[in-house]
J.: 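Just dropping this structure here.
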Amino acid sequence: MSWWKPLVVILVPPLVMLLLQVVLYQVVGVVEGSDDPMSPTLTPLKLLAINISIGAAGVVAILLLVWIAKVPWRSVISFPRAFDARRLAYYLVGAALLVGAGIGVVALVAPDSPGWTAFGVTGTTIGVLVVTVLSTPLQSAGEELMFRSAVLPAAASWVRAVRPALGVGLVVSGLGFALVHGSAEPWLAGYYTFIGISTGLMAIISRGIEAPVAFHVANNVLFGIVNAVMADGEPYAIDRSTDSGDAALLILGAVNVAMVVLVWVRERRARTAPTP
């Protein structure tokens with residue numbers, strides 16, 4: 001590809017995501033009669049707007065890469081092998097166990113860190129839970145399609161040698177992932193970058209999108225459920241302001257490392273297993 005084409009793949013999908021989210025937030029504001037439709041408080045409809053905008057941006061990213069690089073869309077999802085639903089299910093179970101354990105440890109040693117208040121279930125809680133379970137997988141898959149299936153190989157195309165190219169792809173996709181989460185708080189910015197690099201490694205090791213999608217879905221759905229039920233029956237807000245992160249994020253970072261190790265072990269065994 002020409003040097004400028006990867007920039008299109010890297011820059012356009014996040015802009016589409018942002019524009020679509022702003023538009024949907026305004027629509028939600030009209031429906032809900034809100035005086036501040038851009039507030040960070042996540043009502044069920046605002047959460048749905050976020051998830052739709054990110055899922056759509058992921059599709060845009062794949063279509064752009066397929067169009068610009070002239071490659072089959074299946075090879076963007078997994079290559080050289082075909083997409084494997086069994087891999088996805090395996091990694092989804094493993095990721096759910098690891099993320100669940102991480103949430104449990106955080107609840108024990110740093111319960112104030114995530115901003116949880118008190119257990120409560122109201123109609124709002126139920127609405128948030130339904131939207132979380134049904135649409136957050138779309139959001140998680142959209143982010144992985146955008147950053148791991150599209151941005152990572154697009155950025156890697158700037159370098160010819162394979163290993164340096166993968167390094168460039170990991171760094172650019174990790175930093176891009178952190179930037180779209182919009183936090184200048186050092187702990188959070190570092191954590192988002194670490195997630196981006198970790199999921200990029202999962203994709204490279206497994207040669208496909210199943211593992212990072214599974215991890216992202218498990219992480220966002222489980223945290224979304226806990227955030228909803230621990231908001232004392234009110235809509236919760238994701239705080240990414242200054243001093244909103246702390247060392248408790250190291251626990252979640254360890255969960256990312258454990259998932260990368262799980263993927264490496266599973267893929268290594270799959271490649272050394274005898275062919276029937």
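Just so it is clear, the model here is predicted, and its values are computed rather than measured.
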J.: Here's a test for you: under ring pair (Phe, Tyr, Trp, His ring centres under 6.0 Å), which of F177, Y91, F223 qualifies with H216?
T.: F177
J.: What residues, two or more places apart in sequence or in another chain, satisfy salt bridge (charged side-chain N to carboxylate O under 4.0 Å, His left out) together with D232?
T.: none
J.: What is the minimum heavy-atom distance between L166 and I204, and which atoms define it?
T.: CD2-CD1, 3.9 Å
J.: Regarding S113 and D246, is there a side-chain donor-to-acceptor distance under 3.5 Å anywhere?
T.: yes
J.: Of all heavy-atom pairs between S34 and P37, which one has the smallest distance, and what is that distance?
T.: OG-N, 3.6 Å
J.: Please, which pairs that meet salt bridge (charged side-chain N to carboxylate O under 4.0 Å, His left out) have at least one residue in residues 212-221, sequence neighbours excluded?
T.: none
J.: What pairs with R271 under salt bridge (charged side-chain N to carboxylate O under 4.0 Å, His left out), at least two apart in sequence or on another chain?
T.: none
J.: Will you find, in the side chains of K46 and S39, an N or O donor that is under 3.5 Å from an N or O acceptor?
T.: yes
J.: Could you check whether E32 and T43, counting side-chain N and O atoms only, form a donor-acceptor pair closer than 3.5 Å?
T.: yes
J.: Which heavy atom in P212 sits nearest to a heavy atom in E144, and how many Å separate them?
T.: CB-OE1, 3.2 Å
J.: What closest approach, in Å, do A154 and L65 show between heavy atoms, and which atom pair accounts for it?
T.: CB-CD1, 4.5 Å
J.: How about R207 and S78: do any of their side-chain heavy atoms sit closer than 4.5 Å?
T.: no
J.: Kindly write out the residues that satisfy salt bridge (charged side-chain N to carboxylate O under 4.0 Å, His left out) with R266, not counting sequence neighbours, or none if the list is empty.
T.: none
J.: For F215, enumerate each residue passing the ring pair (Phe, Tyr, Trp, His ring centres under 6.0 Å) test, keeping only those at least two apart in sequence or located in another chain.
T.: none
J.: For residues 158-171, which residue pairs pass the side chain to side chain donor-acceptor pair (under 3.5 Å) check, not counting sequence neighbours?
T.: none
J.: Does R81, at its CZ atom, have more than 12 non-hydrogen atoms belonging to other residues, nucleotides or ligands within less than 6.0 Å?
T.: yes
